[in-house]
Amino acid sequence: MAAGYAELLRTRHAARLLAGTLVGRLPNATAPIAIVLLTRAEGGSYTLAGGLAAVYGLANAVGQPLLGRAVDLYGQPRVQLPAAVLSALGMVLLTFAGIDPLPLAYAAVALAGVFTPPLEGGLRALWPDVLGREDRVHRAYAMDAVAQEIMFTVGPLLVTLLVALWSPAAALLAINAVGVLGALSVVLSEPSRTWRSAPREAHWLGALRSPGLLALLGSFFFVGLALGSITVAGVAYADDHGREAVYGWLMASLGLGALAGGMLYGARQWAGAPERRLRFIVALLAAGYLPLMLTPGVPAMVVLAAVSGVFLAPALACAFIVVDRHAPRGTVTEAFSWLVTTFGVGAAVGTGAAGPAVEHGGTAAGFAVAAGGGVAALAVLLTTRRVLTIPVTAPLPRDSVVIPCENDRIGAAEPGFRTGHQA
């Protein structure tokens, strides 16, 4: 399986784009825990920490599709780098202002969230031009999900290490400085500089006029809710056991589980419709969150965290393909950014809900929010399976309206991955 990923990374520009995107997204990936740790270090409550993290997530959710649409219209460099700098400045403001006065703290995290650059969606828009063949792009999506899990594994450990060596404020500054350098590496690359989105139909809804995409986004809102609630519940679990490092172990274990699942998923070619496969994977993902409510001792909890993460990367990799199949033409970055947005909104709701749940019902109640999110994500996919189905041979009704998909060359089920073109 590693040989297949190595082949992709040997392709010109691929390794640089993947590494730059991951480094550029590090501030976004670590922001919730960094905000929680900074707030707690300054004497703030779990509710305040969850509230600040929720505002960051909501602001991120607002900014991602807007910046994604701007990338589709104006190209990557003119949007990604200025956004990265502004986002970092928001976190710098939070670091020096702290949580008093509160309005300034909320304004700082909102600024950082709104201007988080849509590097994730931008990378997936670049893969078809960089890699060419459809099977290679499919594998790149799996590699992308695996690489994210490496980042989500290393990120919490890096934050806790920097906090232990210096302070939460220093950790926040260092991570955001590195993030700007990652974005700079991406936008200076040839594929990013020359990429242009496919021609698009002018429509105020943009990518959201696709019913299938809306169904997918609804499901992944709840996946984000589950992950966001685990951020707060994990800190509470670590406090219960008297060691901050326990949180890093839990998050790293969850990430390692997702890493293993993603490696196995990307090691083979999958037959059948990805929409059907996604329902099965999300069902297993939901089942993995349920045992976390048991909150056993640390060794057992670390194992449960790893099991709960196994199907996360496969779910993401499969979702990327589904987005590709349902995105209207000319909206590829925006469509992928909407997926990030639903995660952001869901994670914000999850962190906001888990704080009061922990304070009123204990740590197990915080993990119950995650379990409920997983079950709800599956329910959405089951109830919307009709709009997520793309007919292959069935004739369309005479009065039907076809929304041309971004990557569908002939209106059939399988994508052709023409997400953009080189200038």
Side-chain angles (χ1 to χ4, degrees), residues 25-42 44-64 87 90-91 94 99 102 105-114 116 152 155-156 159-160 163 168 171-172 175 220-240 244 246-248 250-251 254-255 289 292-293 295 305 308-309 312 340-374 376-377:
R25 291 188 60 235
L26 190 61
N28 178 236
T30 59
I33 179 56
I35 290 171
V36 169
L37 291 177
L38 179 67
T39 303
R40 292 291 291 162
E42 298 202 356
S45 67
Y46 281 117
T47 299
L48 175 58
L52 286 170
V55 168
Y56 174 86
L58 290 171
N60 191 311
V62 171
Q64 285 294 295
S87 180
M91 285 303 190
L94 175 66
I99 59 174
L102 273 179
Y106 278 111
V109 295
L111 176 66
V114 165
T116 298
F152 279 104
V159 170
T160 54
V163 169
L172 207 57
I175 286 172
F220 273 76
F221 164 84
F222 290 107
V223 176
L225 183 147
L227 294 178
S229 63
I230 288 175
T231 300
V232 177
V235 173
Y237 180 87
D239 282 353
D240 291 344
E244 285 187 358
V246 170
Y247 176 83
L250 290 180
M251 295 298 103
L254 189 150
Y289 289 140
L292 295 176
M293 294 186 290
T295 61
S308 73
L312 178 59
V340 177
T341 285
T342 57
F343 255 86
V345 173
V349 173
T351 53
V358 167
E359 291 190 345
H360 295 292
T363 302
F367 286 114
V369 177

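Quick note: numbers below take in every heavy atom, side chains included, and nothing from hydrogens, waters or symmetry partners.
- No side-chain heavy atom of Val246 sits less than 4.5 Å from a side-chain heavy atom of Asp240.
- For Pro168, the side chain to side chain contact (heavy atoms under 4.5 Å, CB included) test picks out Leu38, Ala41, Val163, with sequence neighbours left out.
- Val223 approaches Leu312 most closely through the heavy-atom pair CG1-CD1, 4.3 Å.
- Heavy atoms only, all atoms of each residue included: Met251 and Ile230 are closest at CE-CG2, 3.4 Å.
- Qualifying side chain to side chain donor-acceptor pair (under 3.5 Å) partners for Ser87, counting only residues two or more places apart in sequence or in other chains: none.
- For Asn60 against Thr341, the heavy-atom pair with the smallest separation is O-OG1, 4.3 Å.
- A search for side chain to side chain contact (heavy atoms under 4.5 Å, CB included) contacts involving Pro27 returns Ile175, Asn176, not counting sequence neighbours.
- A side chain to side chain donor-acceptor pair (under 3.5 Å) check over residues 347-359, counting only residues at least two apart or in different chains, returns the pairs Thr47-Glu359.
- The two residues Ala49 and Val36 come nearest to each other via the heavy atoms CB-CA, 4.0 Å.
- The two residues Ala238 and Tyr247 come nearest to each other via the heavy atoms CB-N, 3.6 Å.
- A search for ring-ring contact (aromatic ring centres under 6.0 Å, His included) contacts involving Tyr237 returns His241, not counting sequence neighbours.
- Rounded to the nearest 0.5 Å, atoms CD1 (Ile35) and CG (Leu94) are 6.5 Å apart.
- A distance-only check finds a donor-acceptor pair linking the side chain of Ser229 to the backbone of Ala370 [under 3.5 Å].
- When side chains are defined from C-beta on, Phe222 does not count as touching Val349, because their heavy atoms never get closer than 4.5 Å.
- Residues meeting the side chain to side chain contact (heavy atoms under 4.5 Å, CB included) test with Ala236, sequence neighbours left out: Val358, Thr363.
- Rounding to the nearest 0.5 Å gives a distance of 10.0 Å between CD1 of Ile99 and CZ of Arg40.
- Here the closest non-hydrogen pair linking Ala364 and Met293 is CB-O, 3.5 Å.
- Annotation: side chain to side chain contact (heavy atoms under 4.5 Å, CB included) contacts of Ala107 (sequence neighbours excluded): none.
- Contact annotation: the side chain of Leu48 approaches that of Leu102 to within less than 4.5 Å [non-hydrogen atoms, C-beta and beyond].
- With rounding to the nearest 0.5 Å, the separation of CG in Leu111 from OH in Tyr56 is 10.5 Å.
- Ile33 CD1 to Thr160 OG1: the interatomic distance, rounded to the nearest 0.5 Å, is 8.0 Å.
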